[in-house]
Q: 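Pasting a structure below so you can have a look.
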Amino acid sequence: KAGVTQTPRYLIKTRGQQVTLSCSPISGHRSVSWYQQTPGQGLQFLFEYFSETQRNKGNFPGRFSGRQFSNSRSEMNVSTLELGDSALYLCASSQRTGGTGELFFGEGSRLTVL
Amino acid sequence: GENVEQHPSTLSVQEGDSAVIKCTYSDSASNYFPWYKQELGKGPQLIIDIRSNVGEKKDQRIAVTLNKTAKHFSLHITETQPEDSAVYFCAVPLLGGGADGLTFGKGTHLIIQP
């Protein structure tokens with residue numbers, strides 16, 4: 001069974017631009033969540049989707065948004081990029097909802113903002 | 001929201017010795033306590049978890065203990081090996097388990113000295 005796939009793996013943007021990251025969950029998983037990982041703040045929850053509905057959102061500005069499609073694939077978008085948005089963005093899928101199931105992470109999309 | 005503190009941030013042990021990583025949490029409603037391991041260039045991977053109805057769980061060389069009264073849980077790795085070198089994260093569910101998504105500790109960089 002294929003794991004969680006994230007694209008692109010690496011990307012460089014400049015301040016003010018926007019970026020879209022993609023995540024394909026494990027087949028059969030309907031829950032997808034996104035995390036931002038930085039050396040200073042560690043792993044921080046961005047948002048979680050289940051059956052195309054956002055179930056939960058972390059403490060990030062409105063520039064961060066996401067969506068989930070009917071095939072459970074998910075995208076996240078960051079608009080008006082800032083230097084501080086440089087991070088590894090991790091997507092995770094899970095079979096069950098309710099916060100007590102194993103999360104399967106992709107290898108992440110590393111965003112550098114110049 | 002939920003707060004998770006993890007100590008130490010770096011832990012260096014001799015190969016064959018034991019390693020212990022501790023986490024404390026703030027929400028007494030938390031009912032699920034996973035530990036994730038992140039190797040360089042990869043996403044985090046679940047290595048062991050415990051639910052609030054048990055105090056200890058073992059899986060070969062790793063174990064997790066939970067003290068709900070004191071609101072802390074620990075990861076124990078015995079007979080450490082070079083492949084145990086990684087960053088380890090504890091986590092608790094957001095909102096005590098009401099929605100998918102986790103609050104992670106800041107991580108412990110475990111170094112196994114040959």
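Numbers restart at 1 for each chain; the letters A, B, ... are given by sequence-line order, proteins then strands. This structure is a prediction, so every number in the text was calculated from the model and none was measured.
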Q: Any donor-acceptor pair under 3.5 Å linking the side-chain atoms of H72(B) with those of T24(B)?
A: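 Looking only at side-chain atoms, H72(B) and T24(B) do not form any donor-acceptor pair under 3.5 Å.
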Q: Considering only heavy atoms, which portion of R9(A) lies under 4.5 Å from any heavy atom of chain B: side chain, backbone, both, or neither?
A: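 Just its side chain gets close to chain B.
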Q: Output the residues of residues 64-83 of chain A for which the shortest heavy-atom distance to chain B is under 4.5 Å, in residue-number order; output 'none' if no such residue exists.
A: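 Listed by number, there are no contacting residues, so the answer is none.
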Q: Is it true that F89(B) and Y36(B) have ring centroids separated by less than 6.0 Å?
A: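 They do not qualify: ring centres at least 6.0 Å apart.
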Q: Locate the shortest heavy-atom distance separating N31(B) from P93(B); write the atom from each residue and the value.
A: OD1-CG, 4.2 Å
Q: Name the region of Q6(A), side chain, backbone, both or neither, that has any atom closer than 4.5 Å to a heavy atom of chain B.
A: neither
Q: Closest heavy-atom contact between L90(A) and G43(B)?
A: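 Taking every non-hydrogen atom into account, CD2-CA, 4.1 Å.
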Q: Using heavy-atom distances under 4.5 Å, tell me whether P44(B) contacts chain A through its side chain, its backbone, both, or neither.
A: both
Q: Please determine if E79(B) and R61(B) form a salt bridge, counting it only when a charged side-chain N lies under 4.0 Å from a carboxylate O.
A: no
Q: Do the two ring centres, one from F45(A) and one from F47(A), sit under 6.0 Å apart?
A: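 No, too far apart.
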Q: With a 4.5 angstrom heavy-atom cut-off, which part of L43(A) approaches chain B: side chain, backbone, both or neither?
A: both
Q: Do we see a donor-acceptor contact under 3.5 Å between the side chains of D49(B) and Y32(B)?
A: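 A pair is found: one side chain offers a donor N or O, the other an acceptor, under 3.5 Å apart.
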Q: Between Q17(A) and T14(A), is there a side-chain donor-acceptor contact under 3.5 Å, judged purely by atom types and distance?
A: yes
